[in-house]
Amino acid sequence: MSQNILVVGGAGYIGTVVSDHFLKKGFNVICVDNFLYENSFSIYNLKKNKKFKFILGDLRNKDLINELLDKCDAVIILAGLVGDPITKKYPQISTKINFDGTKKLIENCKNKKIEKVIFVSTCSNYGLSDTNLPLNEEAELKPLSLYAKHKVEIEKYIISQKSSKNFSPTILRFSTAFGLSSRMRYDLTINQFTKSIYFKEKLDVYDSKTWRPYCHVKDFGIALETVLSAEKKLTDFEVFNVGGDQNNFTKKQIVELINKFIPINEVTFTDKTQDPRNYKVNFSKINKLLNFKINFTVEDGIKEIIEYFKKNNEKLETCNDLKFGNYIINKKNL
Ligand SMILES: NC(=O)c1ccc[n+]([C@@H]2O[C@H](COP(=O)([O-])OP(=O)(O)OC[C@H]3O[C@@H](n4cnc5c(N)ncnc54)[C@H](O)[C@@H]3O)[C@@H](O)[C@H]2O)c1
């Protein structure tokens, strides 16, 4: 079992929670991140742990990456421009990082004979589904955004390397995340809706009848550990959806769940197909093969955020700060 894990993009929304998970389980974590959103604040607590090492750097810096690969026996790739809006806003940077850079990083892992490499992909790859049935890993991929198109291209590249020796990658298609993180993202549906309804902001819910799977950030840490500790034959060049069947919801249902805890003020529902993604996802493969089950429901996540707001007397201005979402990139030299 791997003991030294390189988390690429470990200072992000999911990366900080995942790093914390591995540290608590006694692993050594090396995190490399370029703080794309000035998010250096996110690793403040992680740095207190002696088993955590942070390296400020870009995944495209080959020398740096090779040096780090010599020190680890497993790699988790989370870094990049994440989400449809940010990749639409910065298409060139997205191509340079999410496709060119990520492909080279995976090539380097292969050349360095890092056996366990996990590429974190997305259920967004399923795009617009024409069936109401939950989609499994065999379903046709219909990526609609540049973000998902690059994920699909990288997945294809990985699978094309199947004959390589000493290289055993796994592709994980994550559901849309929710829950608390030290690099909070209020641009994600459940976090955003909970924040807006709690602070009585006006909330426009577009495409309210569209389905999407959701998963708590902490469950991603457990899923990643499950994959790293599994027998190689079960994860070798395999693709797994990560989430739980019971966490497929429409946006309207999410609003209804939030309404169980806080009254709804100003919410409008419009179906303008601004974001046409619509898919339910089936998670039986990861459950049956690796015995992974989610621990947190969407309701748990909503409650957790509301409790955090109350306990910390949180202000709307703080949540709306641009650093708590993937809105703008301040770095000029990418
Ligand atoms: N958040 C979700 O709902 C969700 C859903 C499915 C899949 N995923 C996948 O999970 C991963 C993490 O997502 P997230 O929500 O934590 O995003 P995030 O934007 O919070 O984190 C990404 C991190 O990568 C870093 N980064 C970006 N470009 C880099 C580069 N060139 N070199 C080094 N570091 C770089 C950023 O600084 C940031 O800390 C992504 O691969 C994403 O596609 C996320």
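When a ligand or atom number is given, it counts from 1 through the structure's own listing order. Residue numbers start at 1 and run along the sequence shown.
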Is a side-chain donor-acceptor pair under 3.5 Å present for [Y] with [X]?
X	Y	answer
K71	N28	no
D204	T268	yes
D300	T297	yes
R183	Y37	no

State if [X] counts as touching ligand 1 under the rule of any non-hydrogen atom under 4.0 Å.
X	answer
Y147	yes
G57	yes
S181	no
G80	yes
Y37	yes
C215	no

Problem set entry | Where V242 and F292 come nearest, the two heavy atoms and their spacing |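 It is CG1-CE2, 4.2 Å.
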For this session: Search all heavy atoms of C123 against all heavy atoms of R173 and return the closest pair with its distance.
Result: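 Shortest heavy-atom contact: SG-O, 3.5 Å.
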For this session: Give yes or no for whether the N/O distance cutoff of 3.5 Å, strictly under, is met between L188 and ligand 1.
Result: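 L188 vs ligand 1: no N/O contact under 3.5 Å.
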Exercise. Can you find an N/O atom of S121 closer than 3.5 Å to an N/O atom of ligand 1?
Worked result: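 For ligand 1, there is no N or O atom that lies under 3.5 Å from one belonging to S121.
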So which bit of [X] gets within less than 4.0 Å of ligand 1, heavy atoms only: side chain, backbone, both or neither?
X	answer
S175	backbone
F35	backbone
S124	neither
K151	side chain
L36	both
L81	neither
V8	neither
V82	side chain
N39	side chain

I'd like to check which ligand 1 atoms, numbered from 1 as shown, lie under 4.0 Å from a non-hydrogen atom of [X].
X	answer
F174	6 (C), 7 (C)
V120	9 (C), 10 (O), 41 (O)
A11	39 (O)
R185	1 (N), 14 (P), 15 (O), 17 (O), 20 (O)
A177	1 (N), 2 (C), 3 (O)
T176	3 (O)
R183	18 (P), 19 (O), 20 (O)

Using modelled atom types only, decide if a donor and an acceptor are shared between the side chain of [X] and the backbone of [Y] within a distance under 3.5 Å.
X	Y	value
N248	V281	yes
K251	Y206	yes
K51	G26	yes
S19	T16	no

Problem set entry | Atom NZ of K288: over 12 foreign heavy atoms under 6.0 Å |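 No, not enclosed.
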Among all protein heavy atoms, pick out the one at the shortest distance from [atom]; state its residue, atom name and that distance to 0.1 Å.
atom	answer
atom 29 (C) of ligand 1	N34 OD1, 3.3 Å
atom 31 (N) of ligand 1	D58 OD1, 3.1 Å
atom 24 (O) of ligand 1	A79 CA, 3.4 Å
atom 21 (O) of ligand 1	G12 CA, 3.4 Å
atom 32 (N) of ligand 1	L59 N, 2.9 Å

Centre-to-centre under 6.0 Å for [X] and [Y], is that the case here?
X	Y	answer
F178	F296	no
F41	F324	yes
F35	F54	yes

Exercise. Taking only residues two or more places apart in sequence or in another chain, which ones pass side chain to side chain donor-acceptor pair (under 3.5 Å) with E238?
Worked result: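 Only K285 meet the side chain to side chain donor-acceptor pair (under 3.5 Å) criterion with E238.
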From the candidates [options], the one that places a heavy atom nearest [atom]:
atom	options	value
atom 25 (C) of ligand 1	D33, I154, I77, I55	D33
atom 4 (C) of ligand 1	I14, T122, T189, N326	I14
atom 41 (O) of ligand 1	V32, V7, L78	L78

Show me the donor-acceptor pairs, under 3.5 Å and distance only, between side chains in residues 101-110 and residues at least two apart or in other chains.
| from | atom 1 | to | atom 2 | distance (Å) |
| --- | --- | --- | --- | --- |
| T102 | OG1 | I97 | O | 2.8 |
| T102 | OG1 | N98 | O | 3.3 |
| K110 | NZ | Q161 | OE1 | 2.6 |

Problem set entry | Candidate list L59, V7, V8, test side-chain contact (heavy atoms from CB on, under 4.5 Å), partner L78, passing option |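 Checked L59, V7, V8 against L78; only one passes side-chain contact (heavy atoms from CB on, under 4.5 Å): V7.
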For this session: Give the cluster check for L146 versus I328: same hydrophobic cluster or not, with ILVMFWY residues linked at side-chain heavy-atom distances below 4.5 Å.
Result: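 No, separate clusters.
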